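Notes follow the structure.
Values below: every heavy atom of this structure, side chains too, minus hydrogens, waters and symmetry copies. Small disclaimer: the values here were computed from a predicted structure and weren't measured. A, B, ... follow the sequence lines: proteins, then strands. Residue 1 opens every chain.
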2 protein chains.
Amino acid sequence: MIHMSDELSERQQKILKLIVQEYVQTGRAVGSKALIDRYKLGVSPATVRNDMGILEDQAFLQHPHTSAGRVPTDSGYRYYVENLLGNPRVPMSEQIRIRHQFSQVEMQVAASMKLAAAVLAEASGNIALISPPRSIQETVRHFELISLRDHLILLILVTQSGTVHESFLHIDDPVDQETLSATSRQLNDEIRDMRHTEIQLQASRHESFSALVLEQIAALMQRTEQESTAELHSEGLERALRQPEFSHGGVAQQLLEVLRGGALLSVLLPQVRQKDDLRIFIGSENVSDELQSYGVIIARYGATNEVTGLLGILGPTRMPYDRSISTVRYVSHLLSDLLRQVHADEPEQ
Amino acid sequence: MIHMSDELSERQQKILKLIVQEYVQTGRAVGSKALIDRYKLGVSPATVRNDMGILEDQAFLQHPHTSAGRVPTDSGYRYYVENLLGNPRVPMSEQIRIRHQFSQVEMQVAASMKLAAAVLAEASGNIALISPPRSIQETVRHFELISLRDHLILLILVTQSGTVHESFLHIDDPVDQETLSATSRQLNDEIRDMRHTEIQLQASRHESFSALVLEQIAALMQRTEQESTAELHSEGLERALRQPEFSHGGVAQQLLEVLRGGALLSVLLPQVRQKDDLRIFIGSENVSDELQSYGVIIARYGATNEVTGLLGILGPTRMPYDRSISTVRYVSHLLSDLLRQVHADEPEQ
DNA sequence: GTTAGCACTCTCGCATGATGAGTGCTAATC
DNA sequence: GATTAGCACTCATCATGCGAGAGTGCTAAC
């Protein structure tokens, strides 16, 4: 079989795969000798060296310095993920364990999300990312007005995605609970399934108190809509910091800034548009500088294409892609199933 | 004036104060020469050295090694905080800036808490701690039942402290919104101001659906009561990690574990019992080993003695106590004022 | 195409030595 | 009696140098 200059022989692929795995595990550059010692390849170190040289020419490997072993480049990881990984699955025993944990929290969305994050962090040893399921264009499902004090009302709003929002409403003239209930009953019918822009419009058709309430609702929805695109929780920082990559001073701080900072939100996440889409970003493939030395795996989950959230894993480029990918995919499906039970009016086909 | 062996002369106090301030600022051990260079004391280095020696005998200072400058001990900080600090106040310009920020978020408790944390972190350069205002024994103020789907109901509960809780309720036989509203109207009157134990009791007096609802409410309250004692948010980690104390590898991780771990919650916080109580824990004064190298300033804020929360600052023992203490005190009063507007039925005398 | 052999490179860890900040002590001074 | 000048001494820090070890690349043989 003749090898094109940009095709890898079977053995070269195998060597690349082993180097990636070995390096991910140990964190040290992999030498030809070490590779032979740990896996019987049936060939001599010299042969491996030759292949390594070729892999280096193809930019899949690199030297930290002249006399160290090889380390995968970002393209090396990319090749590994795309061609050498197959379709990794979560081991059955793991699946059962995870499903069992999820069955404990049942229908509580908040608790499920926490659990999902914990599972992701646990499985990868890295940082789990998760954003709550939100609709792109939230509409009103229901709201309530509760009198707290003479001049203070609590507004509770439930939106289409089942999220509960709250806000205090300050009024000049006292209104009793009866009137509040009557008002809310009437207005609820009026604005059900409306977007915040429509409610804003509707507010102008009312006067005094009703108008105030509607405006508050519109404002609340708008505010949370803006915030929801910026909501990204993370989990597993402590454990992740135990890794040698991160244990060096200053890196921890940088990592926190990445998490808090906008690069993830503004650059990476918008690329994951559809439900069940799973994307992998490795090191320099990230446009953003901050993320140069990280690998990110992100999937979009949700009951429908309307109400969705994101979840994934962030770690050093040197991360266990196989386990991470399979776990992200599995947990994302679990969460989707769960949401379907809570949100969808009818099960998906 | 005769000096008792355990009393400090005026000059010794001044030297101690300067050493603490200088060390807090620079982070490097302070030598006699350096002290003279930066502040004109009107005496020679040798004199300062003698006084330093005495301060060291009294265990207010210590040598890292034979030939380095002096560093305050934990008792040194303690003496500084108690005797040399006076009653530090937030500068007027700061006060105005902070008050202005608070006026922006107005009555939104959640936003105010975030802001409070941000202000604390900003002022101290360290980590802000804050726990939401909760009542020791929450009672029911109001609840609502909202039908989401045939077999799924959203339960929204408002407790005495004004906190909103939510929970999904799964039922076998569909109930329409009309019935839900009727049920909730009736039950609301029944259980207003009750504790979860009383509600549990009340549940047994009802049958089927009503009983289910009451039980769910009781369970929800109990759950959140347990959680509320374990709720402690932190803010400003990134900035804090920029400090030399923390930039060394591994410390970041340890710090995260302190925050997540229970030492703070279970050991320190319970000691701050009353509203407006402000406590300072310095290094080894903390019983817990994890906190050996940290200083913690905590105050309890609240509208009344019933509904209270905690807020404070955690940093290395080497922290700016003056600014930290004054800011904690100031912000705590601001939050108390705010809560008084929201919660208290009548203003405090 | 594969392998053995070998010179070469470069990091890492360790000992060495110079530097300099800071001390503690003693004796002189105010 | 308190303060100060002078001086020998201590010890962390930093740069330098050196040996060991891991790993490579090349060439020539298989």
Just the table, please: protein N/O against nucleotides 12-15 of chain D N/O, every pair under 3.5 Å.
none

N/O to N/O distances under 3.5 Å, protein versus nucleotides 28-30 of chain C:
none

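Panel note: side chain E235(B), backbone A117(B); no donor-acceptor pair is recorded below 3.5 Å. A donor-acceptor pair under 3.5 Å is absent between the side-chain atoms of N126(B) and the main chain of A240(B), judged by distance alone. Between the S332(A) side chain and the A299(A) main chain, no donor and acceptor come within less than 3.5 Å of each other. Between the side chain of Q292(A) and the main chain of D289(A), no donor-acceptor pair closer than 3.5 Å is present.
Taking atom CZ of R28(A) as the reference point, atom P of dG23(D) lies 9 Å away to the nearest angstrom. Here the P atom of nucleotide dC26(D) and the CG atom of N50(A) are 10 Å apart, to the nearest Å. We find that CG of D51(A) is positioned 13 Å from P of dT24(D), with the value rounded to whole Å. In this structure, R49(B) places its CZ atom 17 Å from P of dA27(C), rounding to the nearest Å. Going from atom CG of L35(A) over to atom P of dT24(D) covers 10 Å, rounded to whole Å. Between K33(B) atom NZ and dG24(C) atom P the separation is 17 Å, expressed in whole Å. Residue E22(B) contributes atom CD, which lies 11 Å from atom P of dG22(C) at whole-angstrom precision. With rounding to whole Å, D37(A) atom CG is found 12 Å from dA22(D) atom C1'.
At dG25(D), one or more side-chain N or O atoms of R70(A) fall inside 4.0 Å of OP1 or OP2 (strictly under the cut-off). For S32(B) and dT23(C), the shortest distance from a side-chain N or O to OP1 or OP2 is below 4.0 Å. Between S44(A) and dT3(C) there is a side-chain N or O to OP1 or OP2 distance below 4.0 Å. Within the 4.0 Å cut-off from OP1 or OP2 of dT3(D), at least one side-chain nitrogen or oxygen of R11(B) is found.
For the helix from dG1(C)-dC30(D) to dC30(C)-dG1(D), the angle separating the two terminal helix axes comes to 30°, with each axis derived from five pairs and the value rounded to 10°.
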Could you give the side-chain donor-acceptor pairs of residues 60-69 of chain A under 3.5 Å, partners two or more places apart or in another chain?
{"unit_1": "H63(A)", "atom_1": "ND1", "unit_2": "H65(A)", "atom_2": "O", "d": "3.3"}
{"unit_1": "H63(A)", "atom_1": "ND1", "unit_2": "T66(A)", "atom_2": "O", "d": "3.4"}
{"unit_1": "H63(A)", "atom_1": "NE2", "unit_2": "E56(A)", "atom_2": "OE1", "d": "3.4"}
{"unit_1": "H63(A)", "atom_1": "NE2", "unit_2": "R70(A)", "atom_2": "NE", "d": "2.9"}
{"unit_1": "H63(A)", "atom_1": "NE2", "unit_2": "R70(A)", "atom_2": "NH1", "d": "3.4"}
{"unit_1": "H63(A)", "atom_1": "NE2", "unit_2": "R70(A)", "atom_2": "NH2", "d": "3.4"}

Tabulate below the donor-acceptor pairs under 3.5 Å that side-chain atoms of residues 39-48 of chain B make, not counting sequence neighbours, or state none.
{"unit_1": "Y39(B)", "atom_1": "OH", "unit_2": "E22(B)", "atom_2": "OE1", "d": "2.8"}
{"unit_1": "S44(B)", "atom_1": "OG", "unit_2": "A46(B)", "atom_2": "N", "d": "3.3"}
{"unit_1": "S44(B)", "atom_1": "OG", "unit_2": "T47(B)", "atom_2": "N", "d": "3.4"}
{"unit_1": "S44(B)", "atom_1": "OG", "unit_2": "T47(B)", "atom_2": "OG1", "d": "3.3"}

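Y77(A) meets the ring pair (Phe, Tyr, Trp, His ring centres under 6.0 Å) test with Y321(A); sequence neighbours excluded.
In the set dG23(D), dG22(C), dT3(C), the nucleotide with an atom closest to the side chain of V43(A) is dT3(C). Each of dG24(C), dG25(D), dG23(D) was ranked by its minimum atom distance to the side chain of H63(B); first place goes to dG24(C). In this structure, of dT2(C), dT24(D), dC7(D), it is dT2(C) that holds the atom nearest to the side chain of T47(A). The side chain of S67(A) approaches dG23(D) more closely than any other nucleotide in the set dG23(D), dC7(D), dT24(D).
Counting non-hydrogen atoms of other residues, nucleotides and ligands closer than 6.0 Å to CZ of R89(A) gives a total of 12 or fewer.
For the residue pair Q253(A) / E257(A), a side-chain donor-acceptor distance below 3.5 Å is found, with atom types taken as modelled. Judged purely by distance below 3.5 Å, without hydrogens or angles, the side chains of Y79(B) and Q13(B) pair a donor atom with an acceptor atom. For S32(B) and R49(B), the side-chain atoms include at least one donor-acceptor pair closer than 3.5 Å. Side-chain polar atoms of R78(A) and N83(A) form no donor-acceptor pair below 3.5 angstrom.
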